[in-house]
Amino acid sequence: IKKIGVLTSGGDAPGMNAAVRGVVRAALSEGVEVYGVYDGYQGLHQNRIEKLNRQSVSDVINKGGTFLGSARFPEFRDEKVRQQAIENLKIHGIDALVVIGGDGSYMGAKKLTEMGYPCIGLPGTIDNDVAGTDYTIGYLTALNTVIDAIDRLRDTSSSHQRISIVEVMGRHCGDLTLMSAIAGGCEYIITPETGLNKENLLAKVKEGIYKGKKHAIIAITELMTDVNELAKYIEDETGRETRATVLGHIQRGGQPTAFDRILASRMGAYAVDLLLEGHGGRCVGIQNEKLVHHDIIDAIENMKRPVRTDLYKLADKLF
Ligand code: ATP
């Protein structure tokens, strides 16, 4: 391996820049050249590829977003499009590609690997929905952002005896909602893992009011229901003012926390180690504090993320 490429794909996440920096600096220290691909698989298809040097990744370790840019590019499902992408990599003499993104991006990397082009996937998403790793890059930074928002909502909800519904990102994974609800002391947690039972929720909210609770904060994962309609339902049934807050893209931005910077740096350098050892078609994770790698195809097709029943039980006890 003499030349490697790196791209960021899918939804951006704080710490992606630190991961790219990790790849670039680790590769250069091993005498390997690095090429940055702009705007994910779209830029790969359009041959927007440039050589990176040490300075290309100066002053990015503390920055949110991704300086390489990211894109959603559904056309990458088309084999001809991927063939063109591989040809572009070959024009530059690039032997392997590091893909930083979520499970959708892993699918792209898996398909390239199946076509004979070696890829390494790094988990970069705030959703923490990637199999084979306890934490994804960006997740813990986003968690702090969500908690900050919940703390603010708590202040004002309490003053006005209001019920607040907070919609948290995560796609089909409830980790960010669950952890932020525990850390933010929310009264109710609704995630894809628990499901939404409106009657049950209403009964619990009414029980809280009966107990004399001044406020109620309901944390719910995105894509489960229309939160404004849910708020109206609860307000109509309880007579208490109920408001929904959709945190949205605020959760994606901001400076990465120390944990995410270190995780991203370690994973970036590890991806280079794996490529130099001759591995391809692997995805990197951290499990029980150790860096690990799995077959990217196996991770996507067979590995499941564990449901934290212990933490759901804890949450139930504490509310
Ligand atoms: P996040 O979940 O944080 O938004 P993600 O990586 O899961 O990140 P997606 O939009 O699902 O985000 O995927 C990113 C890109 O990966 C897609 O826009 C597309 O270019 C590529 N991709 C996704 N699925 C496939 C697939 N089945 N085959 C080839 N490429 C794919």
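For ligands, and for the atoms within them, numbers begin at 1 and follow the listed sequence.
With respect to E301 and K110, a salt bridge is recorded, a charged nitrogen being found less than 4.0 Å from a carboxylate O. For the pair R77 and E75, the salt-bridge criterion is not met [side-chain N within less than 4.0 Å of a carboxylate O]. The residues R243 and E235 are annotated as salt-bridged, a charged nitrogen and a carboxylate oxygen being separated by less than 4.0 angstrom. Using a cutoff of 4.0 Å between basic side-chain nitrogens and carboxylate oxygens, D129 and R171 are not scored as salt-bridged.
Atom CD of E79 has 12 or fewer neighbouring heavy atoms from other residues, nucleotides or ligands inside a 6.0 Å radius.
Residue, atom and distance of the protein heavy atom nearest to atom 10 (O) of ligand 1 are R72 NH1, 2.5 Å. Protein heavy atom closest to atom 3 (O) of ligand 1, with residue, atom name and distance, is T125 OG1, 2.9 Å. Closest to atom 28 (N) of ligand 1 among all protein heavy atoms lies K111 NZ, 3.2 Å. Looking only at protein heavy atoms, the nearest one to atom 6 (O) of ligand 1 is S105 OG, 2.5 Å. For atom 22 (N) of ligand 1, the closest non-hydrogen atom on the protein side is G104 O, 3.2 Å. Closest protein heavy atom to atom 25 (C) of ligand 1: M107 CB, 3.6 Å.
Below 3.5 Å of separation, one finds an N or O of G11 facing an N or O of ligand 1.
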